[in-house]
Number of protein chains: 2
Amino acid sequence: MTCIEQFTREIRQRGYRMTPQRLAVLQILHQGGHFSPGEVYEQARHAVPGVTEATVYRTLEFLEERQMVVSARARDGRLLYELAGHTHHHLLCRACGRMVQIDHALIDEVLRQLEATSGFRLDATHLTFSGLCPECQRKEDKP
Amino acid sequence: MTCIEQFTREIRQRGYRMTPQRLAVLQILHQGGHFSPGEVYEQARHAVPGVTEATVYRTLEFLEERQMVVSARARDGRLLYELAGHTHHHLLCRACGRMVQIDHALIDEVLRQLEATSGFRLDATHLTFSGLCPECQRKEDKP
DNA sequence: ATAATTGCAAATACTTTGCAGTACG
DNA sequence: CGTACTGCAAAGTATTTGCAATTAT
């Protein structure tokens, strides 16, 4: 059973409906990566002519409430969505925008320590640290 | 010399002007804590009648470009500003909004490791991890 | 059939911009 | 006095909402 079929089954089991709009949004997110509502809309309008921004916003919200997608706020204010269930962390270069994945063993160890000392239960399935990548450091140091 | 006098001097030395509007914004941020542009505006309008949102936005941007304030994007999308030069990290409870400071020795160690393995130079003067505080965990576990 | 879901259109909130007048140094 | 800066008003962008029509089950 494909990933999308599983989502369909899960949505129906919970008493909701699988619509072309929801399917399209799930397929878009299933490509992998992060998408803002605007980006999802841009793609969705090709798959489902006539779909509106309002529907995309409502669909993403719906899917997030049911834990099928997660969102994170980007530095520029955009809310980025991706399929849930996949813990990973990034480094983001603030100059060129390059993103690299980082080993999450390193992070997870610290998160566990933080949880132990604070009593908090942390979300942190998707952290982003911003900085300057090696290349942009060179450009900035010798302008 | 007070902190505010130092800012005044620095601004003038760089060829800019210290205006009542800039002074008010600096004094507001000097209270400590984080403020969104809207919050800064609400306070500034009492200190400087007639000040506009546009001026507040421009002032915060101006001060950030000159490294006198730093901003961070909150989970809800608001851009929060504070005076620069003060490294610290928070845990934020996503249910009740409580914020607690955390020991940054723990974080800084990981940041150094990340920088070493990635070659990035990280900003990270102000990280926020979100999660559930102990109290809200109890409420959520037994509803 | 019927309740969930969507499209439409308007409202809201936030942020940015051009320009003419003001005031800091 | 000259230019940096501000106020005003308007535009731009992102997101949300009410409601009637549609559609998945």
Side-chain angles (χ1 to χ4, degrees), chain A residues 4-5 7-28 34-66 68-69 71-81, chain B residues 4-5 7-28 34-66 68-69 71-81:
Chain A
I4 297 291
E5 286 171 338
F7 281 121
T8 303
R9 163 178 293 204
E10 198 174 332
I11 284 177
R12 290 196 176 130
Q13 275 182 353
R14 299 201 215 169
Y16 305 107
R17 296 174 184 175
M18 179 51 83
T19 63
Q21 294 84 349
R22 283 178 186 167
L23 188 60
V25 169
L26 284 168
Q27 283 171 339
I28 289 161
H34 319 85
F35 301 88
S36 67
E39 288 164 348
V40 172
Y41 170 69
E42 261 318 301
Q43 292 198 42
R45 65 207 297 267
H46 295 115
V48 186
V51 72
T52 60
E53 285 105 327
T55 296
V56 169
Y57 278 101
R58 282 185 291 218
T59 300
L60 291 169
E61 208 173 301
F62 171 90
L63 294 172
E64 185 167 33
E65 281 164 3
R66 271 105 205 137
M68 296 177 184
V69 310
S71 68
R73 184 71 60 171
R75 166 79 213 183
D76 66 5
R78 295 185 311 162
L79 197 50
L80 299 179
Y81 289 87
Chain B
I4 297 290
E5 285 170 338
F7 281 120
T8 303
R9 164 178 295 204
E10 198 174 331
I11 285 178
R12 291 197 175 131
Q13 275 181 353
R14 298 202 214 169
Y16 304 107
R17 297 175 183 175
M18 178 52 83
T19 63
Q21 293 85 348
R22 285 180 185 166
L23 188 59
V25 168
L26 284 169
Q27 283 171 338
I28 290 161
H34 318 85
F35 301 88
S36 67
E39 289 163 348
V40 172
Y41 170 68
E42 261 319 301
Q43 292 197 42
R45 64 206 298 267
H46 296 114
V48 186
V51 72
T52 59
E53 284 106 326
T55 295
V56 169
Y57 278 101
R58 283 185 291 218
T59 300
L60 290 169
E61 207 173 302
F62 172 90
L63 294 172
E64 185 167 32
E65 281 163 2
R66 271 102 204 141
M68 296 178 182
V69 310
S71 68
R73 184 71 60 170
R75 168 78 213 183
D76 66 5
R78 294 186 311 161
L79 197 52
L80 300 179
Y81 289 88

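This one's a predicted model, so the numbers in the text were calculated from it and none came from an experiment. Residue numbers begin at 1 in each chain, while the letters A, B, ... track the order of the sequences. These numbers come from the heavy atoms of this one structure, side chains and all, not from hydrogens, waters or symmetry mates.
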>> Taking the axis from the first five pairs and the axis from the last five, what angle separates them in the helix from C:dA1-D:dT25 to C:dG25-D:dC1, rounded to 10 degrees?
In response: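 Result, rounded to 10 degrees: 40°.
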
>> Taking the ring of A:Tyr57 and the ring of A:Tyr41, is the distance between their centroids below 6.0 Å?
In response: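 Ring centres of A:Tyr57 and A:Tyr41 not closer than 6.0 Å.
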
Among [options], the nucleotide that comes nearest once only the side chain of [X] is considered:
| X | options | answer |
| --- | --- | --- |
| B:Glu61 | C:dT16, D:dA24, D:dT6 | C:dT16 |
| A:Gln21 | D:dA9, C:dT6, C:dC8 | C:dT6 |
| B:Tyr57 | D:dT6, D:dT25, C:dT16 | C:dT16 |
| B:Phe62 | C:dT16, D:dC5, D:dT17 | D:dC5 |
| B:Arg22 | D:dC5, D:dT15, D:dT6 | D:dC5 |

Counting distance only, does the side-chain N/O of [X] pair as donor-acceptor with the main-chain N or O of [Y] below 3.5 Å?
| X | Y | result |
| --- | --- | --- |
| B:Arg22 | B:Arg17 | yes |
| A:Glu39 | A:Ser36 | yes |
| A:Arg75 | B:Arg73 | no |

Output the rounded distance in Å from [atom1] ([X]) to [atom2] ([N]).
| X | N | atom1 | atom2 | result |
| --- | --- | --- | --- | --- |
| B:Glu39 | C:dT15 | CD | C1' | 16 Å |
| A:Asp76 | C:dT15 | CG | P | 13 Å |
| B:Glu65 | C:dT16 | CD | C1' | 14 Å |
| B:Arg45 | D:dG7 | CZ | P | 13 Å |
| A:Met18 | D:dT22 | CE | P | 23 Å |
| A:Arg58 | D:dA14 | CZ | P | 18 Å |
| A:Leu23 | D:dA24 | CG | P | 11 Å |
| A:Leu79 | C:dA13 | CG | C1' | 16 Å |

> Mapping A:Ala54 and B:Thr8 to their closest nucleotides on DNA chain C, which lands nearer the 5' end?
Replying inline: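 Its nucleotide being nearer the 5' end, the pick is A:Ala54.
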
> For B:Glu53 and A:Tyr16, take the nucleotide of DNA chain C holding the closest heavy atom to each; which residue's nucleotide lies nearer the 5' end?
Replying inline: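 Of the two residues, A:Tyr16 wins.
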
> Closer than 4.0 Å, any side-chain N/O of B:Thr55 to the OP1 or OP2 of D:dG7?
Replying inline: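 For B:Thr55, the contact criterion (side-chain N or O under 4.0 Å from OP1 or OP2 of D:dG7) is met.
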
> Just to confirm, is there a sub-4.0 Å distance from OP1 or OP2 of D:dA24 to any side-chain nitrogen or oxygen of A:Thr19?
Replying inline: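 Answer is no, no contact under 4.0 Å.
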
> Going by distance alone, is a donor N or O of one side chain under 3.5 Å from an acceptor N or O of the other, for B:Glu64 and B:Ser71?
Replying inline: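 Side-chain D/A pair, B:Glu64 to B:Ser71: present.
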
>> Using a heavy-atom cut-off of 4.0 Å across all strands, would you classify B:Gly77 as base, sugar-phosphate, or nothing?
In response: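 No contact.
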
> Base, sugar-phosphate, or nothing for A:Gly50, non-hydrogen atoms under 4.0 angstrom?
Replying inline: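 A:Gly50: backbone/sugar contact only, no base atoms under 4.0 Å.
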
> Between the base of C:dA3 and the side chain of A:Arg17, is there any donor-acceptor pair under 3.5 Å?
Replying inline: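 Answer yes: a donor N or O sits under 3.5 Å from an acceptor.
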
>> Once rounded to the nearest 0.5 Å, what's the spacing between atom CE of B:Met18 and atom CD of B:Glu10?
In response: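 Going from the CE atom of B:Met18 to the CD atom of B:Glu10 covers 9.5 Å.
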
>> Using the side chain to side chain contact (heavy atoms under 4.5 Å, CB included) definition, which of the options A:Arg66, A:Gln27, A:Met68, A:Arg12 pairs with A:Phe7?
In response: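 Only match with A:Phe7 under side chain to side chain contact (heavy atoms under 4.5 Å, CB included): A:Met68.
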
>> Run B:Leu63 and B:Ile11 through side-chain contact (heavy atoms from CB on, under 4.5 Å) and show every step you take.
In response: CA-CA 9 Å; B:Leu63 294 172; B:Ile11 285 178; 4.3 Å; yes

